[in-house]
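Numbers for residues simply follow the sequence, beginning at 1. Predicted model, so just to flag it, every value in this text is computed and none were measured.
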Amino acid sequence: MFKSVLVANRGEIACRVFRTAKRMGIRTIAVYSEADAHALHVREADEAVLIGPAAARESYLVADKVLAAAKATGAEAIHPGYGFLSENAEFAEAVMAAGIVWIGAPPASIRAMGLKDAAKKLMVAAGVPVTPGYMGEDQTPAHLKSEADAIGYPVLIKAVAGGGGKGMRRVETSEAFLDALASCQREAASSFGDDRVLIEKYILSPRHIEVQVFGDSHGEVVHLYERDCSLQRRHQKVIEEAPAPGMDPATRAAVTEAAVKAAKAVNYVGAGTIEFIADASEGLRADRIWFMEMNTRLQVEHPVTESITGVDLVEWQFRAAAGEPVPLKQADIPMNGWAMEARLYAEDPANGFLPSIGKLEHFRLPDDIRIDTGVFEGGEVSQFYDPMIAKLIVHETSREAAAARLADACAEVEVWPVKTNAAFLVKCLEHPKFVVGDVDTGFIGGHQDSLAGKTSPSAEAVAAAFTASGGEGEILGWQGASNDTYSPWSQGPFAFRMNGNPGVRLGLWSDGEPVWALLSGPQTYNDTGQHFGFTVETPGGRYHGYGSPGFVVIDEQPFSAISREDGIVVFEGGGAYEFRRRRASAAAGSASDGTLRAPMPGKIVAVSAAVGDAVVKGQPIVVLEAMKMEHALVAPFDGTVSGIGVATGDQVTADAVLAIVEAG
């Protein structure tokens with residue numbers, strides 16, 4: 001076994017690999033960009049090497065820099081993680097040529113499965129069922145459109161070299177095909193340096209089923225059962241689970257047998273995933289599951305497989321790379337209980353899932369479940385990388401118990417001021433259809449309004465904010481107090497009173513709107529004076545609140561609340577609700593006045609309108625690429641474009657004016 005390993009990746013991926021390496025006594029080496037100088041994976045490594053500027057294409061994606069770091073530190077092995085260079089055959093060959101152990105798939109296997117069209121042809125030859133579609137060489141828009149028309153809509157355009165939901169578009173009509181194709185090709189070229197695509201028939205009621213496979217250098221390939229990754233948004237997985245709900249033994253046998261057959265067809269070594277799409281309109285059936293692609297690396301969702309099998313897949317990777325056989329025979333691999341994983345993203349579901357960046361001033365995750373993360377309180381969520389900040393993983397005896405426990409865990413998430421999808425995850429996990437396993441890949445899109453709509457704090461959370469404020473806020477009036485400004489009976493929120501304290505009508509501001517409560521108190525109830533109590537009367541009810549800084553209880557219901565210079569933040573159900581002591585000034589130039597501003601720093605990849613063009617509400621004007629995704633900024637109402645402030649290729653800062661639309 002090698003004695004040191006460099007992880008050619010960042011964030012939670014590197015931290016995950018380091019965890020197993022440290023347990024096995026292997027020295028760990030990190031690489032990092034200038035943006036990641038203080039990142040968690042750098043802190044946790046035994047040694048770390050700076051390899052370039054913030055942009056991944058100038059650091060993490062530069063194979064020569066990674067290899068130079070490995071040589072400089074004496075790394076005996078390189079683990080590529082999942083993403084970046086993990087499926088780069090040329091990098092794998094360069095690592096091996098340098099005499100360093102490559103902890104990944106053989107380069108020939110990566111090449112065989114790396115291009116989706118070639119992989120499908122290989123699978124057809126191996127007897128693995130594949131989805132109907134077009135995988136030809138003619139990439140002219142006109143020909144691709146004719147093929148899509150022949151297949152019949154809806155169709156799915158997919159980047160040939162794609163993965164992770166990038167370079168993928170669902171198209172409903174012939175008229176929409178060319179615009180979707182252009183967007184897909186831009187994203188594919190940006191993410192993979194290859195704008196070629198293939199077209200597949202879009203399966204109605206689709207389920208995303210994938211099988212974890214593992215091979216060794218002695219010709220043995222086993223599977224570690226299936227995962228269901230159907231809960232997706234824009235082809236990005238959100239919640240994964242193992243095993244798949246509704247999977248009967250016969251269907252499981254068919255799909256796992258096909259997966260092993262696929263892996264053997266490319267002489268696979270190491271951890272890999274065979275992805276299938278299932279037509280679940282009549283439940284899971286062996287004759288309605290087709291091969292989609294193979295990921296020749298460890299997957300983000302591998303923890304759910306580890307949970308139900310008791311296997312450490314990274315340890316298995318290390319052992320396979322060292323030439324050892326697969327540690328368990330197929331018949332000896334257990335499947336126990338049910339596991340679920342939720343991906344916690346730094347994004348705002350109520351604002352079109354726009355990524356959120358900035359400092360994690362407050363960052364708390366549950367401590368009684370498995371957490372894979374690469375960030376910490378006080379750290380930064382950068383514009384340069386994927387917005388996933390953590391994975392929450394649970395393992396229970398049943399699916400119902402796993403869903404309930406994961407929902408509770410997501411509800412405990414506390415993050416501020418960066419926005420997250422935690423409350424959205426809770427809604428997904430508690431949705432009646434999800435609870436009974438009635439989901440497909442269109443589940444989130446079909447319930448978008450109820451799942452991703454703006455959430456409001458409960459009346460109890462509002463009472464918690466007033467309690468946590470300690471009686472500080474905008475005084476709107478008094479109950480039983482003198483109107484004399486100079487009277488000692490009216491000085492301060494709780495002035496001296498011979499027969500008890502009066503009530504104060506206190507105002508706070510939430511989302512720019514005033515909220516009020518009538519408070520009476522306070523009453524400290526310990527010798528330090530650090531604990532306080534109020535009676536809080538709001539439009540939502542009358543409550544007794546008490547607590548100490550950072551923690552309050554409203555009628556025996558606990559709330560976490562943090563005090564800031566300008567107000568209070570209360571956490572509830574995965575959401576973070578800010579209550580300001582004074583009205584915040586309105587931001588100028590919002591979309592409501594026709595001004596389209598950049599929601600974050602990024603690159604302009606398309607400008608689809610010109611000054612003088614008539615546009616309709618919802619029509620894309622400018623497309624911004626940030627955090628590995630495209631974001632279309634659209635006309636807020638029908639009108640005319642009166643200004644365009646950017647051109648394709650421009651780099652813009654947050655809040656930069658991109659375009660102006662005038663009504664009429």
Open item on the list: Applying salt bridge (charged side-chain N to carboxylate O under 4.0 Å, His left out) to E625 and K603, what does each step give before you reach the verdict?
Closed with: CA-CA 5 Å; E625 182 183 70; K603 179 181 179 181; 5.6 Å; no
Open item on the list: Any side-chain to backbone donor/acceptor pair from S86 onto G83? Under 3.5 Å, distance only.
Closed with: yes
- [ ] In sequence, state the C-alpha distance, the side-chain angles, and the governing distance for E275 and R227, and then conclude on salt bridge (charged side-chain N to carboxylate O under 4.0 Å, His left out).
- [x] CA-CA 9 Å; E275 299 195 353; R227 301 185 286 256; over 6 Å; no
Open item on the list: Check this for me: does any side-chain nitrogen of one of K237 and E210 sit under 4.0 Å from a carboxylate oxygen of the other?
Closed with: yes
TODO: Inspect the contact between R170 and E172 and indicate whether a charged nitrogen and a carboxylate oxygen are less than 4.0 angstrom apart.
DONE: yes
- [ ] Return the orientation label for the F443 and H447 ring planes: parallel under 30°, perpendicular over 60°, tilted otherwise.
- [x] tilted
Task: Electrostatic pair D248-R252, nearest N-O below 4.0 angstrom - done: no
Task: Any donor-acceptor pair under 3.5 Å from D216 side chain to E220 backbone - done: yes
Open item on the list: Between E293 and K120, does any side-chain N to carboxylate O distance fall below 4.0 Å?
Closed with: no
- [ ] Answer yes when R169 and E187 have at least one side-chain N-carboxylate O distance shorter than 4.0 Å, and no when they do not.
- [x] yes
Open item on the list: Before you tell me yes or no, could you show the steps for R399 and E241 under salt bridge (charged side-chain N to carboxylate O under 4.0 Å, His left out), namely the whole-Å CA-CA distance, both residues' side-chain angles and the distance that decides it to 0.1 Å?
Closed with: CA-CA 9 Å; R399 185 176 186 276; E241 58 185 302; 2.7 Å; yes
TODO: Using the six-membered ring of Y385, assess whether NZ or CZ of R10 lies under 6.0 Å from its centre and within 45 degrees of the ring axis.
DONE: yes
Open item on the list: Treating N421 as the side-chain partner and F424 as the backbone partner, does any N or O pair qualify as donor plus acceptor under 3.5 Å?
Closed with: no
Open item on the list: Between the side chains of R288 and E282, is the shortest nitrogen-to-carboxylate-oxygen separation below 4.0 Å, so that they form an ion pair?
Closed with: yes
Open item on the list: Please evaluate residues R364 and E412 with respect to the criterion salt bridge (charged side-chain N to carboxylate O under 4.0 Å, His left out), reporting the C-alpha separation (whole Å), side-chain torsions for both, the decisive distance (0.1 Å), and the verdict.
Closed with: CA-CA 8 Å; R364 296 283 188 276; E412 293 177 29; over 6 Å; no
TODO: Answer yes when E87 and R297 have at least one side-chain N-carboxylate O distance shorter than 4.0 Å, and no when they do not.
DONE: yes
Task: T273 and V213, any side-chain heavy atoms less than 4.5 Å apart - done: no
Task: Charged N-O contact under 4.0 Å between R16 and E12 - done: no
Open item on the list: Tell me whether S307 contacts the main-chain N or O of P303 through its side chain, where contact means a donor paired with an acceptor under 3.5 Å.
Closed with: yes
Task: Pairing of R285 and D279 as salt bridge, 4.0 angstrom limit - done: no
Task: Salt-bridge present (D228, R207; N to O < 4.0 Å) - done: yes
Open item on the list: So W316 and F214, do their side chains get closer than 4.5 Å, heavy atoms only?
Closed with: yes
